[in-house]
Amino acid sequence: MIANTPFSQKLKAPFLKRQISVLQVNLGKICNLACTHCHVEASPTRTEELTPEICQQLIEVINRFPQIQTVDLTGGAPEMLYGFRPLVKAAREQDREVIVRSNLTIYFEKGYDDIPEFFARNQVRVVASMPCYLEDNVDKMRGKGVFDLSIQALQWLNRLGYGSDPHLVLDLVYNPPLPTSNKFSLAPNQQSLQEAYKAHLQKHFGIVFNSLFTITNLPIGRSKFHLRHRKLEEEYSQFLESHFNSDTLEHVMCRNQLSVDYQGNIYDCDFNQMENLPARLPHGEALTISKVLELGDLDVIQEIQTDDYCYGCTAGSGSSCGGALL
Ligand code: SF4
Ligand code: SF4
């Protein structure tokens, strides 16, 4: 990313980690889709996924550290990846909240049609990608037919009680389309967009859901290549920088989360994971899940590692895996 002022210089105080309460695990890069905005660059041809050894270490971390309130599973399509069900079960046995970042369409692939029932049985909170409530926009970003399947999947989840039973939470995620010219904009107001989504999905498809999260596209992964290809990377980066809002810094997701990759390496967030910027111990050593177990402590990172794409999380109302920050 090409910012006028490096992000680190915008920080008036050290960017410190707080007590860890969220363990996010990226189980790998295999996915049944290959979306244009995917920062993981996941697709059906990828092969990387969790190993039994790392899965076991993660279960040990969940069991040993009650301070972990939430286990957040992502990918790729997490449902397709090694370790998905054992991690859900381990976390639920310890009464932790489990979030799965689901692309919805996977339930229609062979071998995965029991997934919605598995979610409901384990009271997994489903956070589902739905970049728009209009068919054309979704199919352009995610592939032909994805909108239809997503609607069917949401109706399926609704039939199981998702969106109405307080124990079965269903949230949707909105990503703005990737820019094709320099007319950039931040994600629309989350509350107003949520109302529009709710009205449209209820009226046309009888769908209910809990919350909508708006997430800014960071210039990393496929979004970076898209922008670079159109010679927009620099301008987009500077656009994000020009909307920097220091009030968001208190709330960014990296403050209280560890993001673990399929090889057991630890990062401050999923974006740093995708850009290979590992979390570090104060003396500089890169942190891993086995190191955490050896130290017997989750709170071993002092400063969060940043790069200029952090302007994406801190522009306007801010952006995180849980949507707007302010
Ligand atoms: S954005 Fe999600 S659904 Fe799309 S390719 Fe990436 S991991 Fe798969
Ligand atoms: S990309 Fe966002 S979440 Fe990650 S370190 Fe930067 S500000 Fe924090």
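Nothing here was measured: the structure is a model prediction, and the numbers come from that model. Numbering of ligands and ligand atoms starts at 1, following listing order.
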Exactly one of Glu241, Glu235, His243 should register a side-chain contact (heavy atoms from CB on, under 4.5 Å) with Phe239. Which one does?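 Answer after filtering Glu241, Glu235, His243: His243.
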
Is ligand 2 under 4.0 Å from a heavy atom in the side chain of Thr314, in the backbone, in both, or in neither?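 It is neither; nothing of Thr314 touches ligand 2.
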
Examine ligand 1 and decide if any of its atoms is less than 4.0 Å from a heavy atom belonging to [X].
X: Gly76; value: yes
X: Leu33; value: yes
X: Arg101; value: no

Determine whether any heavy atom of Gln305 lies closer than 4.0 Å to an atom of ligand 2. yes

Please work out which of the three classes, parallel, tilted or perpendicular, describes the rings of Tyr133 and Tyr197, given edges at 30° and 60°.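 Perpendicular, since the angle between the ring planes exceeds 60°.
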
Member of Asn210, Thr70, Asp72, Asp171 meeting the side-chain hydrogen bond (donor to acceptor under 3.5 Å, both in side chains) criterion with Arg125: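 Per the side-chain hydrogen bond (donor to acceptor under 3.5 Å, both in side chains) rule, the option paired with Arg125 is Asp171, out of Asn210, Thr70, Asp72, Asp171.
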
Do Gln263 and Thr51 have side chains that approach each other closer than 4.5 Å (heavy atoms only, starting at C-beta)?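 They are not in side-chain contact.
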
Pairwise side-chain contact, Val138 with Met141, heavy-atom cut-off 4.5 Å (strictly under):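 The answer is no, as the side chains (C-beta and beyond) never meet within the 4.5 Å cut-off.
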
Geometric cation-pi criterion, Lys29 with Tyr262: 6.0 Å, 45°: no

Cation over ring, Arg142 on Phe147, under 6.0 Å and within 45°?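 Here Arg142 fails the 6.0 Å and 45° test against Phe147.
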
So if you build clusters from Ile, Leu, Val, Met, Phe, Trp, Tyr with side-chain heavy-atom gaps below 4.5 Å, do Leu27 and Ile62 land together?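 In one cluster with Leu27: Ile62, yes.
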
Considering only NZ, NE, NH1 and NH2 on the basic side and carboxylate oxygens on the acidic side, decide whether Asp114 and Arg85 come within less than 4.0 Å. yes

Exactly one of Tyr311, Tyr309, Phe184 should register a ring pair (Phe, Tyr, Trp, His ring centres under 6.0 Å) with Tyr236. Which one does? Phe184

For [atom], what is the nearest protein heavy atom, given as residue, atom name and distance?
atom: atom 3 (S) of ligand 1; answer: Arg142 NH2, 3.2 Å
atom: atom 6 (Fe) of ligand 1; answer: Cys38 SG, 2.3 Å
atom: atom 8 (Fe) of ligand 1; answer: Cys31 SG, 2.4 Å

Using a 4.0 Å cutoff against the non-hydrogen atoms of [X], which atoms of ligand 2 qualify?
X: Cys313; answer: 1 (S), 2 (Fe), 3 (S), 7 (S)
X: Phe271; answer: 1 (S)
X: Asn272; answer: 5 (S)
X: Cys254; answer: 3 (S), 5 (S), 8 (Fe)
X: Cys310; answer: 1 (S), 5 (S), 6 (Fe), 7 (S)
X: Cys269; answer: 1 (S), 3 (S), 4 (Fe), 5 (S)

For Ala34, which part has a heavy atom under 4.0 Å from ligand 1: side chain, backbone, both, or neither?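 Contact part for Ala34 vs ligand 1: backbone (N, CA, C, O).
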
Numbering the atoms of ligand 1 from 1, which are under 4.0 Å from a heavy atom of Cys35? 1 (S), 3 (S), 4 (Fe), 5 (S)

